[in-house]
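These notes are about the structure you will find just below.
Each chain gets a letter, A, B and so on, in the order its sequence line appears, and its residues count up from 1.
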Amino acid sequence: MAFWKPGATAPGVSLDRETEKETGENFITFVNPSVSTFSIQQQRQRLPIFKSRDHVLYLVEKYQTTIIVGQTGCGKTTQIPQYLHEAGWTSGGRVVACTQPRRVAATTVAQRVAEEMNVQLGEEVGYSIRFEDCSDPHKTRIKYMTDGMLFRETLIDPLLSQYSVIMIDEAHERSLYTDILVGLLKKIKKKRPELRIIISSATLDAEAFYEFYNTNTINDKSKDDASIISLEGRMFPVDIHYLEDPCSDYVEKAIQTVFDIHTKQPVGDILVFLTGRDEIEHAVQEITDRATTLPRSALKITPLPLYAGLTAEQQMLVFEPTPRSTRKVIIATTIAEASITIEGIVYVVDCGFVKIRAYNPKTGMESLTVTSISKASAQQRAGRAGRVRQGKVYRLYTEDSFYEFQDASVPEMQRSNLAPVVLQLKALGIDNVLRFDFMTSPPAELMIRALELLYSLKALDDYGRLTVPLGMQLAEFPVDSMLGKILIDSYKFNCAEEMLTIAAMISVQNVFVLSSSKVDESKRKFAVEEGDHITLLNVYNAFVTRGKKSGRWCHEHGLNFRTLQRAMSIRQQLTKYLKRFDVPLESCGNDTVKIRKCLVSGYFANAAKMMPDGSFRTIRDNVELHVHPSSVLFTRAVEWVIFHEVVETTKPFMRDLTVIDPAWLAELAPHFYEFKKSALPKH
DNA sequence: GAGCACTGC
């Protein structure tokens with residue numbers, strides 16, 4: 001195999017060299033390619049990363065693992081795969097992969113690189129995300145993909161043999177699949193010495209990745225098989241302002257700061273980070289009210305909310321260009337930290353908090369709590385002010401409290417339900433998941449809880465081995481383990497068609513448009529006394545029949561069009577799996593008893609009984625629970641329910657409930673409830 | 001009795 005050697009000229013490189021020029025001129029000229037007079041190749045050479053091109057290629061050649069530290073905007077994501085391609089790493093049918101934690105990033109970066117290489121997207125340069133494979137198995141040389149997709153490929157080809165280089169981008173975010181891949185690649189690299197791994201991280205974690213991959217234990221650097229390189233960024237400087245004294249109400253302080261900036265600072269839009277919808281809607285309202293007291297001659301101010309629960313149309317408003325006489329204030333959740341980038345932001349107001357979801361293995365409950373952000377998050381938020389010109393960040397906390405923040409937030413692996421991780425690792429032949437080499441091992445309680453759940457679902461046998469076929473099928477199924485079990489068992493109740501719809505609707509969030517008075521009214525039209533699952537089934541069926549799958553109909557009924565479209569895609573995908581598993585695709589008509597019994601066959605562990613005061617207790621542990629106000633069963637008197645999940649916010653709330661007959665628990669989950677039969681009423 | 005950070009397969 002012919003590799004490019006340091007010092008030699010790589011294929012396709014000679015032309016670049018001749019036109020190489022010193023950088024340092026006005027950056028703005030190539031920030032916007034449409035007004036640039038430079039060719040694409042010249043623009044590429046003007047990126048700060050170009051200066052490190054040879055060094056990066058040298059390290060990748062010499063070391064099996066290279067850790068690249070580089071700020072957003074340095075060009076690593078678009079350039080490094082191209083450098084590797086130019087240097088011959090894609091010859092002989094091999095592919096360079098670059099993973100992203102988010103779908104949009106994978107598609108937009110692939111689009112950009114295809115333009116730079118002047119090729120058709122989906123041919124030499126492609127992408128692969130759920131529901132969308134825009135790549136060609138024979139032609140694609142550079143493949144951008146979500147980390148979850150690359151992980152799924154390991155289920156088919158455990159050594160990922162078609163890839164010569166695998167670049168894990170944004171590794172500092174420590175998403176669940178990034179962490180699994182980081183662990184798996186350590187195993188794969190032992191079996192494939194020719195494979196090269198690039199871990200790209202924006203921050204302080206770099207050293208930890210290096211330690212994880214470097215197999216050299218002696219004190220002689222020349223024996224290292226991992227290396228680190230830092231790349232220069234291309235951000236504009238951001239002035240940091242702290243509070244002198246801590247504040248007690250950061251929402252009020254944020255509003256005051258917005259007006260301070262508005263009345264004292266030059267033009268430029270403002271981005272405010274708060275933690276959730278309530279705070280955001282409150283701030284938007286207050287800013288609107290107080291703006292009326294501004295002098296008529298002053299610059300106008302337009303507050304805009306931004307969070308995931310809004311419809312696509314509502315979200316698009318933040319991208320509308322601002323009229324000359326107006327300053328835009330975007331008030332956002334953490335969604336604006338990495339997922340959505342808004343151009344033109346010059347001022348950032350950072351409250352210093354974020355809502356974090358964490359899984360408690362003792363109770364099996366998830367909590368959603370407001371916690372301090374990490375230093376890395378604070379840095380990322382500040383960076384949002386330095387994309388177009390020099391910016392300012394106003395941190396609504398003291399400098400001392402900043403230094404008390406954790407360096408990085410807790411990796412998802414440390415705070416998630418690990419049932420799917422356990423299933424998938426076992427499907428890869430990694431039986432002892434407790435001893436799998438994770439960069440940061442998850443707490444043992446999380447692992448044990450996952451093993452217990454999988455055992456109760458009969459996905460694991462008495463020896464902790466994956467059962468055949470159920471365990472293997474659940475490992476492959478891109479759906480929550482309990483829902484997967486329900487889908488596979490649906491043939492027993494002749495209701496696969498109904499369960500496919502329910503599973504798809506449960507897998508998406510925000511079916512009903514939030515914070516609209518129409519919603520409650522609209523929801524009542526679809527609501528049934530059996531509960532949320534069958535209500536969701538009704539909504540979906542109405543959408544595809546009466547609603548003719550149209551956005552207009554959704555709008556009229558307070559439903560989120562994009563969410564329902566996504567539910568259709570998921571349903572389609574899940575249907576393919578059921579066909580492959582030979583589950584007969586029957587419909588039970590409108591037999592809600594069959595549907596609810598089928599739900600019990602998977603959700604038996606999540607059962608609760610109502611108390612005289614209207615609260616609930618779990619049957620398993622007698623833990624107090626409440627009906628979430630978004631449920632159609634909220635304020636209704638019912639006796640026994642099963643639920644999809646519990647999320648603790650102000651109280652532990654059950655979400656997505658269905659009314660059941662307790663006799664079904666004994667009938668369908670005797671292995672789980674046998675020892676507690678006395679707790680069930682006699683029938 | 002009154003409320004839902006964000007991704008991903």
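The CZ atom of A:Phe634 sits 4 Å away from the C1' atom of B:dA2 (whole-angstrom rounding). The CD1 atom of A:Ile280 sits 15 Å away from the C1' atom of B:dG3 (whole-angstrom rounding). The CZ-P distance, from A:Phe131 to B:dC9, rounds to 8 Å in whole Å. Counting to the nearest Å, the P atom of B:dC9 and the CD1 atom of A:Ile506 are 19 Å from each other. Atom CD in A:Gln509 sits roughly 9 Å away from atom P in B:dC6 (whole-Å rounding). Between the P atom of B:dT7 and the OH atom of A:Tyr307 lies a distance of 14 Å, rounded to the nearest Å. Atom C1' of nucleotide B:dA5 and atom NZ of A:Lys355 are separated by 7 Å, given to the nearest angstrom.
A sub-4.0 Å separation between OP1 or OP2 of B:dC9 and a side-chain N or O of A:Arg103 is present. Taking only side-chain nitrogens and oxygens, A:Thr146 comes nearer than 4.0 Å to OP1 or OP2 of B:dC9.
Which of B:dG8, B:dG3, B:dC6 sits closest to the side chain of A:Tyr177 comes down to B:dG8. Nearest nucleotide to the A:Lys651 side chain, out of B:dT7, B:dG1, B:dC9: B:dG1. For A:Thr333, whose side chain is taken as the heavy atoms from C-beta onward, the closest listed nucleotide among B:dC6, B:dA2, B:dC9 is B:dC6.
One finds no salt bridge joining A:Arg174 and A:Glu412 here, because no Lys/Arg side-chain nitrogen approaches an Asp/Glu carboxylate oxygen to under 4.0 Å.
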Could you list the donor-acceptor pairs under 3.5 angstrom formed by side chains in residues 147-159 of chain A, with sequence neighbours left out?
{"residue": "A:Asp147", "atom": "OD2", "partner": "A:Ser175", "partner atom": "OG", "Å": "2.8"}
{"residue": "A:Asp147", "atom": "OD2", "partner": "A:Thr178", "partner atom": "OG1", "Å": "2.8"}
{"residue": "A:Arg152", "atom": "NH2", "partner": "A:Glu476", "partner atom": "O", "Å": "2.1"}
{"residue": "A:Glu153", "atom": "OE1", "partner": "A:Tyr163", "partner atom": "OH", "Å": "2.6"}
{"residue": "A:Glu153", "atom": "OE2", "partner": "A:Lys143", "partner atom": "NZ", "Å": "3.1"}
{"residue": "A:Glu153", "atom": "OE2", "partner": "A:Tyr163", "partner atom": "OH", "Å": "3.3"}
{"residue": "A:Thr154", "atom": "OG1", "partner": "A:Phe151", "partner atom": "O", "Å": "2.5"}
{"residue": "A:Asp157", "atom": "OD1", "partner": "A:Leu159", "partner atom": "N", "Å": "3.3"}
{"residue": "A:Asp157", "atom": "OD1", "partner": "A:Leu160", "partner atom": "N", "Å": "3.4"}
{"residue": "A:Asp157", "atom": "OD2", "partner": "A:Ser161", "partner atom": "N", "Å": "2.8"}
{"residue": "A:Asp157", "atom": "OD2", "partner": "A:Ser161", "partner atom": "OG", "Å": "2.7"}

Sequence neighbours left out, cut at 3.5 Å: what donor-acceptor pairs do the side chains of residues 499-509 of chain A make with other protein atoms?
{"residue": "A:Thr501", "atom": "OG1", "partner": "A:Glu497", "partner atom": "O", "Å": "3.3"}
{"residue": "A:Thr501", "atom": "OG1", "partner": "A:Arg571", "partner atom": "NE", "Å": "2.8"}
{"residue": "A:Ser507", "atom": "OG", "partner": "A:Ala503", "partner atom": "O", "Å": "2.7"}

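Among the heavy atoms of the strands lying under 4.0 Å from A:Arg102 are primed sugar atoms or P, OP1, OP2 only; no base atom is included. Note on A:Leu368: a base of the nucleic acid sits closer than 4.0 angstrom, heavy atoms only.
Classified by interplanar angle (parallel below 30°, tilted 30° to 60°, perpendicular above 60°), the ring pair A:Tyr577/A:Phe477 is tilted.
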